[in-house]
Amino acid sequence: MTDYMDKLRNCDEFFWINPGFVSPAAGAAEEKDEQIVDIDDAEARLLRFAPFIERMFPEVEGGIIESPLAEITDAAEVARLAGLTEASAKGRLFVKQDSHLPISGSIKARGGIYEVLKLAETLAVEAGLLHWDPQTGEHDDYAKLGDTEMKEFFSKYKVAVGSTGNLGLSIGIISAAIGFEVTVHMSADARQWKKDMLRSKGVTVVEYPDDYEAAVAQGRREAQADPTCHFVDDENSLDLFAGYSVAGRRLKRQLDELGVKVDKDHRMYVYLPCGVGGAPGGVAYGIRDEFGEGTYCFFAEPTHAPCMALGLISGKLNEIAVGDIGIDGKTEADGLAVGRPSGLVAKAMQTMLSGCFTVEDEKLYPYLAALKDSTGIFIEPSACAAFEGLKYICGGEYVPAPDENSIHVIWATGGNMVPEDEKTAYYERGKE
Ligand SMILES: *Cc1c(COP(=O)(O)O)cnc(C)c1O
């Protein structure tokens, strides 16, 4: 452990294998993980809302917010960047394009939108304006939630969130569409275009010169003082986690359609960029629940903001922040610039996560350019952190190592809403 603590402190890159990982196969067959959220319930709720989503966002096919799964068939450049030869890069390589999730263009469209929809449902059912019977499953057509009278009803309620950017976008856009009065508390280093876009949709954006934690604290204080305000708590929200967890089932269906099997002889390695941990943690939980044996999830973090690795390696979970060991938390991977992990997620990942690795900022851009060149897909720098995991897993540092039957899934967490000029600048930086 001291060895890793030194690497963390020095902001060195490293790969850490979680000694606490429990394979779903290790227990009795009927022994399941402790239930954190009800995935069935979350999936059913998203289905009920599909007609509403389709009405408000006609571009969302069938009202189901889901992203494509693309295979990188020409992986030579990616392998080279990860320091691998094509021969050592065993298994098929897929990119899960949450970068292209509709409505808000990042993984936050899973958890963030889910939480706000659930709030709207709860309020409307309580007020007798919407019928849904959890016992029988009977319910109204949720498209009616887009009616003017409903918007007027929702305008009496407020939603608030503290965000480095993408969570703010998701919460802001969906809350405004429903009719909630919404405030996004942002750190000053958040991208200008995100602030501009939110303001253009009628969202109140409050900026703080301090860091992210200060912004969240302020948002939380204001919300708690107001009973009509719902605060979206990135660190502790089970609703966010539930929304993310549905991804496991959706991925299963996509792999089934492609005829790709996942089991103990057809292993799946999943690489997830991690900030506070909610998004990758929820996805990892959903994947484990859906696929069971043969799946291995790894978190990717910047060397200057490795909060989840620090929490897990030290065993202190959310009782320690990167600042406590002298790390500045400054990274260009703005979606991952978090100093303290979610306690809820860190605790769950103690047994569910296979490992963590850290990446230097400079490495993100070449991956960004290589993915664009080989597939035409653009993803933001934060999302590129995932690629670096191939170096360790294909390099044989993890047992079981991948073979010809294995697949790798790079979870591309964001990027589609980045303005064109910024996309070009990132790409050019990667080509240098
Ligand atoms: C938010 C975000 C993540 C990580 O999600 P957390 O819940 O903060 O761990 C990763 N990538 C991008 C692009 C993000 O916006």
Side-chain angles (χ1 to χ4, degrees), residues 67 95-101 103-115 161-173 184 186-187 189-191 194 212-213 215-216 232-245 247 270-286 297-302 305-312 318 329 331-346 348-349 353 356 359 364 367-368 378-389 410-418 422 426:
S67 72
V95 178
K96 181 64 177 147
Q97 287 174 260
D98 277 11
S99 48
H100 291 65
L101 275 171
I103 301 181
S104 67
S106 83
I107 193 167
K108 306 299 192 308
R110 297 185 185 279
I113 291 178
Y114 176 79
E115 175 153 346
V161 64
S163 169
T164 53
N166 285 337
L167 183 63
L169 274 188
S170 290
I171 300 289
I173 293 171
V184 177
M186 282 187 152
S187 43
D189 57 356
R191 295 270 185 275
K194 290 181 181 171
Y212 171 75
E213 272 194 82
V216 176
V232 177
D233 186 342
D234 200 10
E235 275 178 52
N236 302 300
S237 168
L238 286 170
D239 287 340
L240 284 178
F241 195 86
Y244 294 123
S245 73
V270 186
Y271 308 88
L272 296 145
C274 176
V276 74
V283 170
Y285 175 79
C297 292
F298 301 88
F299 284 179
E301 291 178 289
C307 66
M308 188 62 75
L310 175 62
L312 290 175
N318 62 330
T331 169
E332 288 168 45
D334 56 348
L336 314 182
V338 179
R340 187 188 300 277
S342 153
L344 153 81
V345 177
M349 292 303 115
L353 192 67
C356 296
V359 192
L364 305 174
Y367 282 121
L368 186 153
F378 172 88
I379 65 176
E380 65 187 82
S382 293
C384 296
F387 280 108
E388 188 74 356
I410 301 289
W411 213 279
T413 43
N416 197 38
M417 290 181 90
V418 174
E422 291 199 28
Y426 288 145

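Each ligand, and each atom within it, is numbered from 1 in the order the structure gives.
Distances between N or O atoms of Gly275 and those of ligand 1 include at least one value under 3.5 Å. For Ala383, no nitrogen or oxygen atom sits less than 3.5 Å from a nitrogen or oxygen atom of ligand 1, counting backbone and side chain alike. Ligand 1 has an N or O atom lying under 3.5 Å from an N or O atom of Lys108, backbone or side chain.
Residue Glu380 has at least one heavy-atom neighbour below 4.0 Å for each of these atoms of ligand 1: 13 (C). With ligand atoms numbered from 1 in the order given, ligand 1 contributes 13 (C), 14 (C), 15 (O) to contacts under 4.0 Å with heavy atoms of Asn166. Which parts of ligand 1 touch Leu336 is read off a 4.0 Å heavy-atom cut-off, strictly below it: atoms 3 (C), 10 (C), 11 (N). With ligand atoms numbered from 1 in the order given, ligand 1 contributes 5 (O), 6 (P), 7 (O), 9 (O) to contacts under 4.0 Å with heavy atoms of Pro280.
Inter-residue side-chain proximity for Ile379 and Phe387 is flagged as met; some heavy-atom pair is nearer than 4.5 Å.
Atom 12 (C) of ligand 1 has Thr413 OG1, 3.3 Å as its closest protein atom, hydrogens excluded (heavy atom only). Distance from atom 8 (O) of ligand 1 to its nearest protein heavy atom, with residue and atom name: Val276 N, 3.0 Å.
Nearest to atom 7 (O) of ligand 1 by heavy-atom distance, out of Gly335, Gly105, Ala279, is Ala279.
In terms of modelled atom types and a separation under 3.5 Å, the side chain of Ser170 and the main chain of Lys108 share a donor-acceptor contact.
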